Protein chains: 2
Amino acid sequence: MTALKYSRQREAIKDYLMSTTTHPTADSVYAHIRKDFPRISMGTVYRNLSLLAEQGELQQLPCADGGDRFDANITAHAHFFCSKCQCVLDLDIPEVQGLTQIATTTFNGRIDSQQVVFHGLCPDCLRA
Amino acid sequence: MTALKYSRQREAIKDYLMSTTTHPTADSVYAHIRKDFPRISMGTVYRNLSLLAEQGELQQLPCADGGDRFDANITAHAHFFCSKCQCVLDLDIPEVQGLTQIATTTFNGRIDSQQVVFHGLCPDCLRA
DNA sequence: TTCCCTGCAAACTGTTTGCATCGCT
DNA sequence: AGCGATGCAAACAGTTTGCAGGGAA
């Protein structure tokens, strides 16, 4: 992990992710950043998202639809993925922590409490 | 959902999935089925896996690495995905059902208890 | 005979990489 | 000046699709 050199593009990407509670895909990040950096490329977006995730400055959530989601909220919280509209929501359920404990002891592996993912229909899709 | 016509390829795919507790990717299925059907194509494998999943004869688990896994065990059970070796394990933790309940009430959406996915390091990778 | 299913190849999507150039430090 | 970061385009991997021919009903 060598020192990163400052870049306006990377800062813009991080700022954007810190300003939203949605969980953008690389593509959404690209679409948004393009407003300020019309010539930015997908390569740069992907490279910077990976770099920031490596540095622990954001969480990279691999999702059920294949596309990763990015989250600047790095506190321990579970996620929900809607199998219909593919949105990703935070799921702040304290019980998850306890469950992670239980699972870990019977399981003998290490369970990462930040990466518990529930699937189903989000409130909006359920209502519709 | 129209009636399916019998095909030896599809039966072989289902038989294979019922005979294993690993959670093969489409590619693993292809590799295995090829022993009996050397000319089978990936298109056929993907088509049949989707058909079987549609019929509810197997579970299609979208995974963190992008590749889906397939599971002929359609009883309610959570899964674990190893972020190092990418293996998928069954996680039979009764508490997950309770958690799904809790989550559902505070959440107002529908949580699918068969699709709760934990992430972390599997026992083998943890030991290594 | 009908029409679903197959094998094949081409198309697609999301992501990564090689390279010349740019711009922090 | 040195070297990491950028934009661009080509390469990639996993999956889907169109089509002509084959096989179950």
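Everything quoted here is computed from the prediction, not taken from an experiment. All values below come from the heavy atoms of this structure, side chains included, with hydrogens, waters and symmetry mates left out.
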Heavy-atom pair of closest approach, residues Tyr30(B) and Ile40(B)
CE1-O, 3.4 Å

Taking every heavy atom of Phe80(B) against every heavy atom of Ile111(A), the minimum-distance pair comes out as CE1-CG1, 4.0 Å

Any chance you could list the contact pattern along nucleotides 17-25 of chain D? Use B for base contacts, S for sugar-phosphate-only contacts and - for none, protein heavy atoms under 4.0 Å, 5' to 3'.
BB----BBS

Report the distance from atom [atom1] of [X] to atom [atom2] of [N], rounded to the nearest whole Å.
X	N	atom1	atom2	value
Asp65(A)	dC12(C)	CG	P	20 Å
Ile40(A)	dA5(D)	CD1	P	13 Å
Arg34(A)	dT6(D)	CZ	P	16 Å
Asn48(A)	dG7(D)	CG	C1'	12 Å
Leu49(A)	dA5(D)	CG	P	14 Å
Phe37(A)	dC22(C)	CZ	P	17 Å
Glu54(B)	dC5(C)	CD	P	11 Å
Leu51(A)	dT6(D)	CG	C1'	12 Å

From the options Gln59(A), Arg47(A), Arg10(A), select the one residue that forms a side-chain contact (heavy atoms from CB on, under 4.5 Å) with Leu52(A).
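Testing Leu52(A) for a side-chain contact (heavy atoms from CB on, under 4.5 Å) against Gln59(A), Arg47(A), Arg10(A) leaves exactly one candidate, Arg10(A).
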
Can a side chain N or O of Gln9(B) be found less than 4.0 Å away from OP1 or OP2 on dG7(C)?
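Yes, such a contact exists.
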
Taking 4.0 Å as the cut-off, does a side-chain nitrogen or oxygen of Arg39(B) come that near to OP1 or OP2 on dT6(C)?
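No, because none of the side-chain N or O atoms of Arg39(B) sits under 4.0 Å from OP1 or OP2 of dT6(C).
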
Mind checking the CG-CG spacing from Asp71(B) to Leu58(B)? Nearest 0.5 Å is all I need.
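So the CG of Asp71(B) and the CG of Leu58(B) are separated by 8.0 Å.
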
Report the relative orientation of the aromatic rings in His23(A) and His79(A); use parallel for angles under 30°, tilted for 30 to 60°, perpendicular for over 60°.
perpendicular

Check whether any side-chain N or O of Arg127(A) sits under 3.5 Å from a backbone N or O of Gly109(B) as a donor-acceptor pair, and report yes or no.
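Between the backbone of Gly109(B) and the side chain of Arg127(A) there is no qualifying donor-acceptor contact (under 3.5 Å).
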
Find out if a path of hydrophobic residues (ILVMFWY) with successive side-chain heavy-atom gaps under 4.5 Å connects Leu89(A) to Leu17(A).
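Unlinked, Leu89(A) and Leu17(A) end up in two clusters.
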
Hey, mind stepping through Val116(B) and Val117(A) against side chain to side chain contact (heavy atoms under 4.5 Å, CB included) and telling me if it holds?
CA-CA 6 Å; Val116(B) 179; Val117(A) 185; over 6 Å; no

Connecting only ILVMFWY residues whose side-chain heavy atoms lie within less than 4.5 Å of each other, what is the rest of Tyr6(B)'s hydrophobic cluster?
none

Any base atoms under 4.0 Å from Asp68(A), or only sugar-phosphate, or nothing? Heavy atoms, all strands.
sugar-phosphate

Work out how much the helix from dT1(C)-dA25(D) to dT25(C)-dA1(D) bends between its end axes, five pairs an end, to the nearest 10 degrees.
30°

